[in-house]
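These notes are about the structure you will find just below.
To find a chain, count down the sequence lines: A is the first, B the second, and so on, and within it residues start at 1. Source: prediction; values computed, not measured.
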Amino acid sequence: MHPSDEDLVQRFQSGDEAAFVDIVARFDPAVLELAWRMTGDRDSGEDVRQVAWIQIHRGLRRFEGRARLSTWIHRIVLNLCHDRRRRHASRDQAEERFRSRRPADLPPTTPDEIHERRDLAQRVAHAVIALPPREREVVVLRHYHELPFPAIAEILEAPVTTVKSRMAKGLELLRARLAQLQGDPS
Amino acid sequence: MNDRTSCSGIRTRFPDLLYGEASPEARRSLAHHLETCLSCREELALLRSTLHTLDLWELEPFAGDPHAIAAAARASDWERPRTARKWVRLSWIAAAAVLVFLCVLESEVRVDGAEMVVRLGLPGRSVPRSEGASAVPATVLDESRIQAIAREEVLRHSSQEAELWVDFAAAQDRERARLIRALDLARAEDRRRFLELVDSLASHSVQENERTRDALIELASLVTTPQKAPTAR
(Lines give C-alpha, C1' and ligand atoms only; values in the text may rest on other atoms or scores of the structure.)
Protein backbone atom coordinates (compact mmCIF):
# COMPACT_ATOMS: atom_id res chain seq x y z
CA MET A 1 0.00 0.00 0.00
CA HIS A 2 1.32 3.41 -0.96
CA PRO A 3 1.73 5.90 1.85
CA SER A 4 -0.32 9.05 1.50
CA ASP A 5 1.27 12.38 0.66
CA GLU A 6 0.61 13.49 4.23
CA ASP A 7 2.41 10.44 5.60
CA LEU A 8 5.43 11.16 3.43
CA VAL A 9 5.55 14.76 4.55
CA GLN A 10 5.26 13.76 8.17
CA ARG A 11 8.04 11.21 7.81
CA PHE A 12 10.28 13.79 6.15
CA GLN A 13 9.58 16.35 8.83
CA SER A 14 10.49 13.74 11.41
CA GLY A 15 13.90 13.41 9.83
CA ASP A 16 13.36 10.54 7.43
CA GLU A 17 15.21 11.66 4.28
CA ALA A 18 14.10 8.51 2.47
CA ALA A 19 10.60 9.97 2.46
CA PHE A 20 11.89 12.75 0.25
CA VAL A 21 13.04 10.21 -2.31
CA ASP A 22 9.51 8.80 -2.34
CA ILE A 23 8.10 12.29 -2.84
CA VAL A 24 10.47 12.86 -5.74
CA ALA A 25 9.50 9.53 -7.27
CA ARG A 26 5.85 10.40 -6.97
CA PHE A 27 5.92 13.93 -8.34
CA ASP A 28 8.99 14.33 -10.50
CA PRO A 29 7.35 13.30 -13.80
CA ALA A 30 4.67 15.95 -13.28
CA VAL A 31 7.26 18.51 -12.21
CA LEU A 32 9.39 18.02 -15.31
CA GLU A 33 6.47 17.84 -17.70
CA LEU A 34 4.94 21.01 -16.33
CA ALA A 35 8.26 22.87 -16.44
CA TRP A 36 8.96 21.56 -19.93
CA ARG A 37 5.61 22.56 -21.35
CA MET A 38 5.64 25.94 -19.65
CA THR A 39 9.17 26.88 -20.68
CA GLY A 40 8.94 25.30 -24.11
CA ASP A 41 12.07 23.21 -24.10
CA ARG A 42 13.55 20.35 -22.23
CA ASP A 43 16.75 22.07 -21.11
CA SER A 44 14.87 24.93 -19.51
CA GLY A 45 12.38 22.47 -18.03
CA GLU A 46 15.20 20.50 -16.43
CA ASP A 47 16.71 23.68 -15.02
CA VAL A 48 13.38 24.57 -13.43
CA ARG A 49 12.96 21.02 -12.17
CA GLN A 50 16.33 21.13 -10.43
CA VAL A 51 15.62 24.40 -8.65
CA ALA A 52 12.09 23.27 -7.85
CA TRP A 53 13.32 20.22 -5.96
CA ILE A 54 15.79 22.32 -3.99
CA GLN A 55 12.96 24.68 -3.02
CA ILE A 56 10.66 21.79 -2.23
CA HIS A 57 13.30 20.14 -0.05
CA ARG A 58 13.86 23.38 1.81
CA GLY A 59 10.21 24.33 2.14
CA LEU A 60 8.98 20.90 3.09
CA ARG A 61 10.34 21.28 6.60
CA ARG A 62 7.84 24.05 7.20
CA PHE A 63 5.04 22.66 5.05
CA GLU A 64 1.90 22.86 7.14
CA GLY A 65 -0.51 21.09 4.87
CA ARG A 66 -2.79 24.04 4.29
CA ALA A 67 -2.81 23.05 0.63
CA ARG A 68 -2.39 19.60 -0.78
CA LEU A 69 1.20 18.61 -1.42
CA SER A 70 0.59 18.33 -5.16
CA THR A 71 -0.97 21.78 -5.22
CA TRP A 72 1.98 23.27 -3.38
CA ILE A 73 4.48 21.58 -5.69
CA HIS A 74 2.63 22.74 -8.81
CA ARG A 75 2.67 26.28 -7.43
CA ILE A 76 6.42 26.18 -6.88
CA VAL A 77 7.05 24.96 -10.42
CA LEU A 78 4.74 27.54 -12.00
CA ASN A 79 6.28 30.35 -9.99
CA LEU A 80 9.74 29.29 -11.07
CA CYS A 81 8.60 29.16 -14.68
CA HIS A 82 7.18 32.67 -14.43
CA ASP A 83 10.31 33.94 -12.68
CA ARG A 84 12.46 32.40 -15.35
CA ARG A 85 10.42 33.94 -18.10
CA ARG A 86 10.60 37.35 -16.47
CA ARG A 87 14.26 37.20 -15.67
CA HIS A 88 16.03 35.33 -18.37
CA ALA A 89 14.20 35.04 -21.61
CA SER A 90 11.72 36.88 -23.69
CA ARG A 91 9.09 34.80 -25.34
CA ASP A 92 10.87 35.21 -28.64
CA GLN A 93 14.05 33.74 -27.23
CA ALA A 94 12.16 30.79 -25.79
CA GLU A 95 10.51 30.22 -29.10
CA GLU A 96 13.84 30.42 -30.86
CA ARG A 97 15.30 27.84 -28.54
CA PHE A 98 12.30 25.68 -29.13
CA ARG A 99 12.57 25.94 -32.87
CA SER A 100 16.17 24.82 -32.77
CA ARG A 101 15.35 21.70 -30.78
CA ARG A 102 14.28 18.37 -32.03
CA PRO A 103 10.50 17.95 -31.78
CA ALA A 104 8.64 15.09 -30.15
CA ASP A 105 10.00 11.61 -30.40
CA LEU A 106 7.42 9.79 -32.47
CA PRO A 107 6.94 6.15 -33.34
CA PRO A 108 8.86 5.34 -36.50
CA THR A 109 6.71 5.05 -39.57
CA THR A 110 7.66 6.20 -43.02
CA PRO A 111 10.17 9.04 -43.26
CA ASP A 112 7.50 11.32 -44.69
CA GLU A 113 5.08 10.54 -41.88
CA ILE A 114 7.78 11.03 -39.29
CA HIS A 115 8.64 14.36 -40.78
CA GLU A 116 5.01 15.41 -40.98
CA ARG A 117 4.19 14.39 -37.40
CA ARG A 118 7.23 16.12 -36.05
CA ASP A 119 6.37 19.21 -37.93
CA LEU A 120 2.79 19.13 -36.63
CA ALA A 121 3.93 18.54 -33.06
CA GLN A 122 6.36 21.40 -33.30
CA ARG A 123 3.75 23.74 -34.63
CA VAL A 124 1.28 22.78 -31.92
CA ALA A 125 3.91 23.29 -29.25
CA HIS A 126 4.77 26.61 -30.79
CA ALA A 127 1.14 27.70 -30.60
CA VAL A 128 0.88 26.68 -26.93
CA ILE A 129 4.12 28.40 -25.99
CA ALA A 130 3.00 31.55 -27.75
CA LEU A 131 -0.05 31.83 -25.50
CA PRO A 132 0.00 34.53 -22.83
CA PRO A 133 1.43 33.02 -19.63
CA ARG A 134 -1.82 32.99 -17.66
CA GLU A 135 -3.72 31.24 -20.44
CA ARG A 136 -0.81 28.90 -21.12
CA GLU A 137 -0.63 27.63 -17.56
CA VAL A 138 -4.33 26.86 -17.50
CA VAL A 139 -4.22 25.08 -20.88
CA VAL A 140 -1.18 23.05 -19.82
CA LEU A 141 -2.66 22.09 -16.45
CA ARG A 142 -6.09 21.22 -17.85
CA HIS A 143 -5.23 19.61 -21.16
CA TYR A 144 -1.85 18.00 -20.57
CA HIS A 145 -1.96 17.40 -16.82
CA GLU A 146 -5.66 16.60 -16.89
CA LEU A 147 -6.36 18.50 -13.70
CA PRO A 148 -9.98 19.55 -13.16
CA PHE A 149 -10.75 23.26 -13.08
CA PRO A 150 -11.28 23.43 -9.28
CA ALA A 151 -7.83 21.89 -8.71
CA ILE A 152 -6.27 24.39 -11.11
CA ALA A 153 -8.05 27.19 -9.30
CA GLU A 154 -6.53 25.97 -6.05
CA ILE A 155 -3.03 25.89 -7.54
CA LEU A 156 -3.37 29.34 -9.04
CA GLU A 157 -5.24 30.70 -6.03
CA ALA A 158 -7.81 32.15 -8.39
CA PRO A 159 -11.58 31.75 -8.65
CA VAL A 160 -12.76 28.81 -10.74
CA THR A 161 -14.64 31.20 -12.99
CA THR A 162 -11.40 33.04 -13.74
CA VAL A 163 -9.67 29.79 -14.57
CA LYS A 164 -12.45 28.76 -16.93
CA SER A 165 -12.44 32.16 -18.53
CA ARG A 166 -8.68 31.88 -19.15
CA MET A 167 -9.19 28.41 -20.58
CA ALA A 168 -11.88 29.66 -22.94
CA LYS A 169 -9.64 32.47 -24.08
CA GLY A 170 -6.67 30.15 -24.45
CA LEU A 171 -8.64 27.68 -26.53
CA GLU A 172 -9.99 30.45 -28.69
CA LEU A 173 -6.45 31.70 -29.36
CA LEU A 174 -5.27 28.18 -30.08
CA ARG A 175 -8.19 27.52 -32.40
CA ALA A 176 -7.31 30.61 -34.40
CA ARG A 177 -3.59 29.80 -34.45
CA LEU A 178 -4.06 26.16 -35.31
CA ALA A 179 -6.83 26.67 -37.84
CA GLN A 180 -4.38 26.88 -40.67
CA LEU A 181 -2.67 23.78 -39.41
CA GLN A 182 -5.93 21.86 -39.18
CA GLY A 183 -7.11 23.00 -42.57
CA ASP A 184 -3.76 22.53 -44.22
CA PRO A 185 -2.24 19.14 -43.45
CA SER A 186 0.90 19.81 -45.47
CA MET B 1 -32.27 31.60 -33.73
CA ASN B 2 -30.55 31.64 -30.35
CA ASP B 3 -32.27 31.24 -27.06
CA ARG B 4 -32.12 34.00 -24.50
CA THR B 5 -28.55 33.22 -23.53
CA SER B 6 -26.03 35.04 -25.67
CA CYS B 7 -23.55 33.11 -27.76
CA SER B 8 -20.59 34.73 -26.01
CA GLY B 9 -21.94 33.63 -22.64
CA ILE B 10 -22.48 30.13 -23.94
CA ARG B 11 -18.98 29.90 -25.36
CA THR B 12 -17.34 30.69 -22.03
CA ARG B 13 -18.89 27.43 -20.86
CA PHE B 14 -17.45 25.36 -23.69
CA PRO B 15 -14.38 24.32 -21.64
CA ASP B 16 -16.71 22.68 -19.12
CA LEU B 17 -18.42 20.80 -21.90
CA LEU B 18 -15.24 19.83 -23.72
CA TYR B 19 -13.59 18.44 -20.60
CA GLY B 20 -16.68 16.77 -19.19
CA GLU B 21 -17.00 19.10 -16.22
CA ALA B 22 -20.40 20.56 -17.06
CA SER B 23 -23.21 19.68 -14.69
CA PRO B 24 -26.21 17.80 -16.15
CA GLU B 25 -28.23 20.99 -15.97
CA ALA B 26 -25.53 23.00 -17.77
CA ARG B 27 -25.26 20.29 -20.42
CA ARG B 28 -28.98 20.45 -21.05
CA SER B 29 -28.84 24.22 -21.32
CA LEU B 30 -25.89 24.11 -23.70
CA ALA B 31 -27.50 21.38 -25.78
CA HIS B 32 -30.64 23.42 -26.08
CA HIS B 33 -28.67 26.41 -27.32
CA LEU B 34 -26.60 24.35 -29.73
CA GLU B 35 -29.71 22.87 -31.31
CA THR B 36 -30.70 26.28 -32.50
CA CYS B 37 -27.33 27.96 -33.09
CA LEU B 38 -25.29 26.86 -36.07
CA SER B 39 -22.49 29.31 -35.28
CA CYS B 40 -21.91 27.87 -31.81
CA ARG B 41 -22.10 24.31 -33.15
CA GLU B 42 -19.38 25.13 -35.64
CA GLU B 43 -17.29 26.82 -32.99
CA LEU B 44 -17.63 23.84 -30.69
CA ALA B 45 -16.64 21.46 -33.47
CA LEU B 46 -13.56 23.55 -34.20
CA LEU B 47 -12.59 23.53 -30.53
CA ARG B 48 -12.97 19.76 -30.38
CA SER B 49 -10.69 19.52 -33.36
CA THR B 50 -8.26 21.89 -31.63
CA LEU B 51 -8.13 19.60 -28.59
CA HIS B 52 -7.23 16.66 -30.82
CA THR B 53 -4.54 18.75 -32.45
CA LEU B 54 -3.12 19.69 -29.04
CA ASP B 55 -2.55 16.01 -28.40
CA LEU B 56 0.03 16.00 -31.16
CA TRP B 57 2.47 17.74 -28.85
CA GLU B 58 4.10 14.74 -27.26
CA LEU B 59 7.18 15.02 -25.12
CA GLU B 60 10.26 12.95 -25.63
CA PRO B 61 10.40 10.06 -23.21
CA PHE B 62 12.08 11.09 -20.01
CA ALA B 63 12.95 9.55 -16.71
CA GLY B 64 14.78 10.68 -13.65
CA ASP B 65 16.43 8.76 -10.86
CA PRO B 66 14.57 9.88 -7.72
CA HIS B 67 17.59 9.03 -5.55
CA ALA B 68 19.88 11.21 -7.67
CA ILE B 69 17.38 14.07 -7.83
CA ALA B 70 16.76 13.93 -4.09
CA ALA B 71 20.49 13.79 -3.37
CA ALA B 72 21.15 16.78 -5.61
CA ALA B 73 18.37 18.76 -3.93
CA ARG B 74 19.68 17.87 -0.48
CA ALA B 75 23.25 18.76 -1.42
CA SER B 76 22.25 22.09 -2.92
CA ASP B 77 20.14 22.87 0.10
CA TRP B 78 22.72 21.87 2.68
CA GLU B 79 25.86 23.10 0.99
CA ARG B 80 24.67 26.68 1.28
CA PRO B 81 25.35 27.92 4.79
CA ARG B 82 22.37 29.42 6.48
CA THR B 83 24.04 32.81 6.46
CA ALA B 84 24.11 32.87 2.68
CA ARG B 85 20.42 32.43 2.19
CA LYS B 86 18.21 34.98 0.66
CA TRP B 87 16.73 36.38 3.85
CA VAL B 88 20.19 37.13 5.12
CA ARG B 89 21.12 38.74 1.83
CA LEU B 90 18.05 40.89 2.11
CA SER B 91 18.95 41.86 5.64
CA TRP B 92 22.37 42.93 4.42
CA ILE B 93 20.68 44.87 1.66
CA ALA B 94 18.69 46.66 4.32
CA ALA B 95 21.91 47.28 6.25
CA ALA B 96 23.50 48.62 3.08
CA ALA B 97 20.47 50.85 2.64
CA VAL B 98 21.06 52.26 6.11
CA LEU B 99 24.72 52.90 5.32
CA VAL B 100 23.85 54.61 2.09
CA PHE B 101 21.24 56.60 3.92
CA LEU B 102 23.83 57.78 6.39
CA CYS B 103 25.85 59.07 3.47
CA VAL B 104 22.91 60.58 1.73
CA LEU B 105 22.06 62.56 4.83
CA GLU B 106 24.98 64.80 3.99
CA SER B 107 24.48 64.85 0.29
CA GLU B 108 24.41 67.52 -2.31
CA VAL B 109 22.20 67.04 -5.31
CA ARG B 110 22.13 69.50 -8.16
CA VAL B 111 21.43 69.57 -11.85
CA ASP B 112 24.40 70.63 -13.92
CA GLY B 113 23.20 71.16 -17.46
CA ALA B 114 21.78 67.87 -18.70
CA GLU B 115 23.59 65.95 -15.99
CA MET B 116 22.54 65.36 -12.44
CA VAL B 117 25.31 65.60 -9.87
CA VAL B 118 25.02 63.66 -6.63
CA ARG B 119 27.69 64.35 -4.03
CA LEU B 120 27.58 62.25 -0.90
CA GLY B 121 29.36 62.87 2.35
CA LEU B 122 29.77 61.04 5.62
CA PRO B 123 27.93 62.27 8.72
CA GLY B 124 30.00 64.84 10.49
CA ARG B 125 31.40 66.25 7.25
CA SER B 126 28.64 68.57 6.41
CA VAL B 127 28.17 69.46 2.77
CA PRO B 128 25.82 72.26 1.87
CA ARG B 129 22.69 71.14 0.12
CA SER B 130 21.62 72.79 -3.01
CA GLU B 131 18.21 74.23 -2.85
CA GLY B 132 15.43 72.51 -4.67
CA ALA B 133 17.30 69.23 -4.84
CA SER B 134 14.33 67.31 -3.56
CA ALA B 135 12.34 68.52 -6.53
CA VAL B 136 14.49 66.44 -8.90
CA PRO B 137 12.43 63.46 -9.98
CA ALA B 138 13.55 60.11 -8.57
CA THR B 139 13.85 58.66 -12.02
CA VAL B 140 16.86 60.83 -12.88
CA LEU B 141 18.83 59.67 -9.87
CA ASP B 142 21.92 57.94 -11.22
CA GLU B 143 21.47 54.42 -9.91
CA SER B 144 24.88 53.15 -10.97
CA ARG B 145 26.54 56.03 -9.16
CA ILE B 146 24.60 55.29 -6.01
CA GLN B 147 25.54 51.65 -6.24
CA ALA B 148 29.20 52.48 -6.79
CA ILE B 149 29.27 54.75 -3.76
CA ALA B 150 27.32 52.27 -1.71
CA ARG B 151 29.74 49.54 -2.72
CA GLU B 152 32.65 51.66 -1.55
CA GLU B 153 30.94 52.21 1.76
CA VAL B 154 30.11 48.59 2.18
CA LEU B 155 33.64 47.52 1.30
CA ARG B 156 34.88 49.38 4.32
CA HIS B 157 33.07 46.94 6.51
CA SER B 158 33.61 43.55 4.96
CA SER B 159 34.01 41.79 1.68
CA GLN B 160 30.92 39.77 2.43
CA GLU B 161 28.82 42.87 2.50
CA ALA B 162 30.27 43.96 -0.81
CA GLU B 163 29.41 40.60 -2.28
CA LEU B 164 25.90 40.92 -0.98
CA TRP B 165 25.60 44.34 -2.47
CA VAL B 166 26.60 42.92 -5.82
CA ASP B 167 23.95 40.28 -5.29
CA PHE B 168 21.54 43.09 -4.76
CA ALA B 169 22.52 44.61 -8.08
CA ALA B 170 21.26 41.42 -9.66
CA ALA B 171 18.26 41.12 -7.37
CA GLN B 172 14.71 41.31 -8.47
CA ASP B 173 13.38 44.58 -9.70
CA ARG B 174 11.04 44.96 -6.77
CA GLU B 175 13.80 45.02 -4.14
CA ARG B 176 15.90 47.30 -6.32
CA ALA B 177 13.02 49.67 -6.84
CA ARG B 178 12.32 49.75 -3.14
CA LEU B 179 15.88 50.63 -2.25
CA ILE B 180 16.06 53.32 -4.88
CA ARG B 181 12.82 54.67 -3.51
CA ALA B 182 14.31 54.57 -0.01
CA LEU B 183 17.33 56.51 -1.23
CA ASP B 184 15.13 59.04 -2.86
CA LEU B 185 13.08 59.46 0.28
CA ALA B 186 16.27 59.84 2.25
CA ARG B 187 17.36 62.54 -0.15
CA ALA B 188 14.05 64.22 0.47
CA GLU B 189 14.74 63.79 4.22
CA ASP B 190 11.58 61.85 4.83
CA ARG B 191 13.01 59.74 7.61
CA ARG B 192 9.76 58.17 8.69
CA ARG B 193 8.89 56.80 5.28
CA PHE B 194 12.48 55.76 4.69
CA LEU B 195 12.53 53.75 7.88
CA GLU B 196 9.21 52.19 6.97
CA LEU B 197 10.73 51.06 3.72
CA VAL B 198 13.82 49.68 5.42
CA ASP B 199 11.58 47.90 7.90
CA SER B 200 9.53 46.53 5.09
CA LEU B 201 12.63 45.34 3.26
CA ALA B 202 13.87 43.71 6.40
CA SER B 203 10.64 42.31 7.79
CA HIS B 204 10.16 39.45 5.39
CA SER B 205 13.83 38.63 5.59
CA VAL B 206 14.13 38.40 9.34
CA GLN B 207 11.00 36.62 10.35
CA GLU B 208 12.94 33.47 10.94
CA ASN B 209 15.95 34.85 12.72
CA GLU B 210 15.93 36.92 15.85
CA ARG B 211 19.62 37.71 15.68
CA THR B 212 19.26 39.33 12.29
CA ARG B 213 16.21 41.21 13.45
CA ASP B 214 18.13 42.52 16.44
CA ALA B 215 20.97 43.60 14.17
CA LEU B 216 18.58 45.51 11.98
CA ILE B 217 16.92 47.16 14.94
CA GLU B 218 20.36 48.27 16.04
CA LEU B 219 21.13 49.59 12.58
CA ALA B 220 17.83 51.39 12.44
CA SER B 221 18.61 52.98 15.78
CA LEU B 222 21.75 54.46 14.23
CA VAL B 223 19.50 56.38 11.92
CA THR B 224 16.93 57.34 14.50
CA THR B 225 19.51 58.55 17.03
CA PRO B 226 19.23 62.34 16.83
CA GLN B 227 22.93 63.13 16.46
CA LYS B 228 22.81 65.39 13.41
CA ALA B 229 19.26 64.79 12.53
CA PRO B 230 18.02 66.40 9.36
CA THR B 231 14.90 68.46 9.38
CA ALA B 232 12.41 67.01 11.81
CA ARG B 233 8.98 66.19 10.54
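- The contact between A:Glu33 and chain B is made by backbone and side chain atoms together, counting heavy-atom distances below 4.5 Å.
- Between A:Phe12 and A:Phe20, the ring planes are tilted. Angles from 30° to 60° get that label.
- Under the side chain to side chain contact (heavy atoms under 4.5 Å, CB included) test applied with A:Arg136, the options A:Met38, A:Arg37, A:Arg166 reduce to a single match, A:Met38.
- Within the 4.5 angstrom heavy-atom criterion, atoms from both the backbone and the side chain of B:Tyr19 approach chain A.
- Remark: A:Glu46 CD to A:Arg49 CZ distance equals 5.5 Å, nearest 0.5 Å.
- Judged by the 6.0 Å distance and 45° axis criteria, A:Arg142 is positioned over the aromatic ring of A:Phe149.
- Chosen from A:Ala52, A:Ser165, A:Pro150, A:Ala168, the residue pairing most often with chain B at heavy-atom distances under 4.5 Å is A:Ala168.
- Neither the backbone nor the side chain of B:Asp65 comes within less than 4.5 Å of any heavy atom in chain A.
- Interface check for chain A: of the options B:Gly20, B:Pro66, B:Gly64, the most heavy-atom pairs under 4.5 Å are formed by B:Pro66.
- A heavy-atom distance below 4.5 Å is not found between the side chains of A:Glu154 and A:His74.
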